[in-house]
**Q** 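The structure is given below, and queries will be raised subsequently.
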Amino acid sequence: MKDIIEWSTVEQGQWKLVIAKTDRGLCYVGSPGQSFEEVETILKKRYPNTDFKQNEESLQPYVEELKDCLNGSKHTFSLPSDVKGTPFQQEIWEALKQIPYGQTASYSDIAARIQRPTATRAVGAAIGANPLLITVPCHRVIGKNGAITGYRGGLELKRFLLELEKDSHST
């Protein structure tokens, strides 16, 4: 019997994102403009024995919490997640969750935090593989010189999230 991944979309302001969940929790937050078909292709690699079902009702709590994050009224994501990755990726994604709302860290800061100061490139690769945009706050990672660097969700969304957090944090 195949597992089921349910999916829906989140629309908040200018952003439209496909999201997906397993029976254990949120497993993917898509990039702006990414189609369900693109998300499905990515998820089939991580969850090969899976069928997909659109289910707005089942994903409504996730939609609402993501909307709250995108409008600045919620600073952390609290619903369950189900992310698949290597032990190293999992370690990096957990470290990202420790970056406080409204603050940033560099790739080398994350490498130092996990006590692997020479693993900056590996840290960058793990951050790039983060399946849970926004909810695992990889947007808070910037270049050592303060530059806004690559982001799977696009630099426009990254800048938006950083500004939103800066503005929400200072009020």
Side-chain angles (χ1 to χ4, degrees), residues 1-101 105 107 110 113-114 119 122-141 150-154 156-158 160-162 164-165:
M1 190 167 134
K2 288 191 169 193
D3 292 325
I4 300 290
I5 289 182
E6 297 173 319
W7 69 277
S8 186
T9 56
V10 176
E11 291 187 56
Q12 177 66 33
Q14 69 193 50
W15 310 111
K16 182 176 181 179
L17 311 168
V18 174
I19 63 171
K21 78 173 200 62
T22 66
D23 60 348
R24 292 173 295 284
L26 191 67
C27 66
Y28 196 79
V29 175
S31 301
Q34 196 174 34
S35 70
F36 166 71
E37 290 74 23
E38 292 171 289
V39 170
E40 181 180 32
T41 299
I42 291 165
L43 287 174
K44 279 185 176 183
K45 291 176 185 169
R46 291 180 186 202
Y47 303 87
N49 191 34
T50 301
D51 283 330
F52 295 85
K53 176 184 173 189
Q54 188 170 9
N55 188 339
E56 282 85 9
E57 184 179 331
S58 174
L59 278 122
Q60 193 59 34
Y62 294 89
V63 167
E64 292 305 317
E65 194 154 321
L66 272 162
K67 282 182 172 184
D68 289 346
C69 290
L70 285 167
N71 70 25
S73 65
K74 186 158 184 61
H75 297 178
T76 57
F77 194 80
S78 62
L79 291 170
S81 62
D82 179 24
V83 291
K84 287 191 174 186
T86 66
F88 181 76
Q89 288 172 330
Q90 298 278 354
E91 184 178 18
I92 299 304
W93 300 335
E94 283 304 312
L96 297 177
K97 293 179 188 177
Q98 305 310 311
I99 304 170
Y101 186 87
Y107 296 91
I110 300 299
R113 184 173 289 169
I114 64 160
V123 165
I127 290 171
N130 171 21
L132 294 179
L133 292 182
I134 304 163
T135 64
V136 174
C138 56
H139 61 276
R140 295 181 189 150
V141 181
Y151 183 59
R152 178 173 63 82
E156 185 180 0
L157 178 58
K158 184 170 186 165
F160 170 82
L161 292 168
L162 291 172
L164 176 71
E165 290 187 11

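The first residue in the sequence is number 1, and the count goes up from there.
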**Q** On a heavy-atom basis, which atom in S31 and which in G153 lie closest, and how many Å separate them?
**A** OG-CA, 3.7 Å

**Q** What I'd like to find out is whether the side chain of N71 reaches to under 4.5 Å of the side chain of L164, using heavy atoms alone.
**A** no

**Q** Using a 4.5 Å cut-off on heavy atoms from C-beta on, say whether the side chain of T22 contacts that of T50.
**A** no

**Q** Within the supplied structure, the quantity of interest is the number of heavy atoms (other residues, nucleotides, ligands) at a distance under 6.0 Å from K84 NZ; does it exceed 12?
**A** yes

**Q** Salt bridge between R24 and D82, side-chain N to carboxylate O under 4.0 Å?
**A** yes

**Q** Just wondering, do S58 and W7 contact through their side chains at under 4.5 Å, heavy atoms?
**A** no

**Q** Could you check K158, Q34, H139 and say which one makes a side chain to side chain contact (heavy atoms under 4.5 Å, CB included) with R152?
**A** Q34

**Q** Can you check whether E6 reaches L59 side chain to side chain, under 4.5 Å on heavy atoms?
**A** yes

**Q** In Å, rounded to the nearest 0.5 Å, how long is the span from OG1 of T76 to NZ of K97?
**A** 11.0 Å

**Q** If I take atom NE2 from residue H75 and atom CG from residue D68, how far apart are they, to the nearest 0.5 angstrom?
**A** 10.5 Å

**Q** Walk me through it: do Y28 and V18 pass the test side chain to side chain contact (heavy atoms under 4.5 Å, CB included)?
**A** CA-CA 8 Å; Y28 196 79; V18 174; 6.0 Å; no

**Q** Just wondering, do P32 and L17 contact through their side chains at under 4.5 Å, heavy atoms?
**A** yes

**Q** What are the two closest heavy atoms between F88 and A122, and how far apart are they?
**A** CE2-O, 3.5 Å

**Q** In Å, rounded to the nearest 0.5 Å, how long is the span from OG of S8 to CD of E57?
**A** 11.0 Å

**Q** Is it the case that Q90 and E94 place a side-chain donor and acceptor less than 3.5 Å from each other?
**A** no

**Q** Using the rule given for side chain to side chain contact (heavy atoms under 4.5 Å, CB included), can you reason through S81 versus T135, listing the C-alpha separation, both sets of side-chain angles and the distance that settles it, and then say yes or no?
**A** CA-CA 9 Å; S81 62; T135 64; over 6 Å; no

**Q** With under 30° as parallel and over 60° as perpendicular, where do the rings of F52 and F36 fit, or are they tilted in between?
**A** perpendicular

**Q** Would Y151 and I127 count as a side chain to side chain contact (heavy atoms under 4.5 Å, CB included) if you check the C-alpha gap in whole Å, the side-chain angles of each, and the deciding distance to 0.1 Å?
**A** CA-CA 9 Å; Y151 183 59; I127 290 171; over 6 Å; no

**Q** Which pair of non-hydrogen atoms, one from L133 and one from C138, has the smallest distance, and what is that distance?
**A** CD2-SG, 4.0 Å

**Q** Would you say P137 and Y101 make side-chain contact, with heavy atoms under 4.5 Å?
**A** no

**Q** For Q60 and E56, what are the C-alpha separation, side-chain angles and deciding distance, and is it a side chain to side chain donor-acceptor pair (under 3.5 Å)?
**A** CA-CA 6 Å; Q60 193 59 34; E56 282 85 9; over 6 Å; no

**Q** When you look at V83 and L26, which way does the side chain to side chain contact (heavy atoms under 4.5 Å, CB included) test go after all the steps?
**A** CA-CA 8 Å; V83 291; L26 191 67; over 6 Å; no

**Q** Is there a side-chain contact between W15 and L157 (heavy atoms, below 4.5 Å)?
**A** yes

**Q** So how far is it from I134 CD1 to E65 CD, rounded to the nearest 0.5 Å?
**A** 12.0 Å

**Q** A quick test of your reading: do over 12 heavy atoms of other residues, nucleotides or ligands sit less than 6.0 Å from NZ of K45?
**A** no

**Q** Would you indicate whether the side-chain heavy atoms of R113 and V123 approach each other to under 4.5 Å?
**A** no

**Q** Please check: side-chain N/O of D3 versus main-chain N/O of Y47, any donor-acceptor pairing under 3.5 Å?
**A** no

**Q** Measure the CG-CD distance between L96 and Q98 for me, rounded to the nearest 0.5 Å.
**A** 9.5 Å

**Q** Which value, rounded to the nearest 0.5 Å, describes the distance between I19 atom CD1 and Y62 atom OH?
**A** 8.5 Å

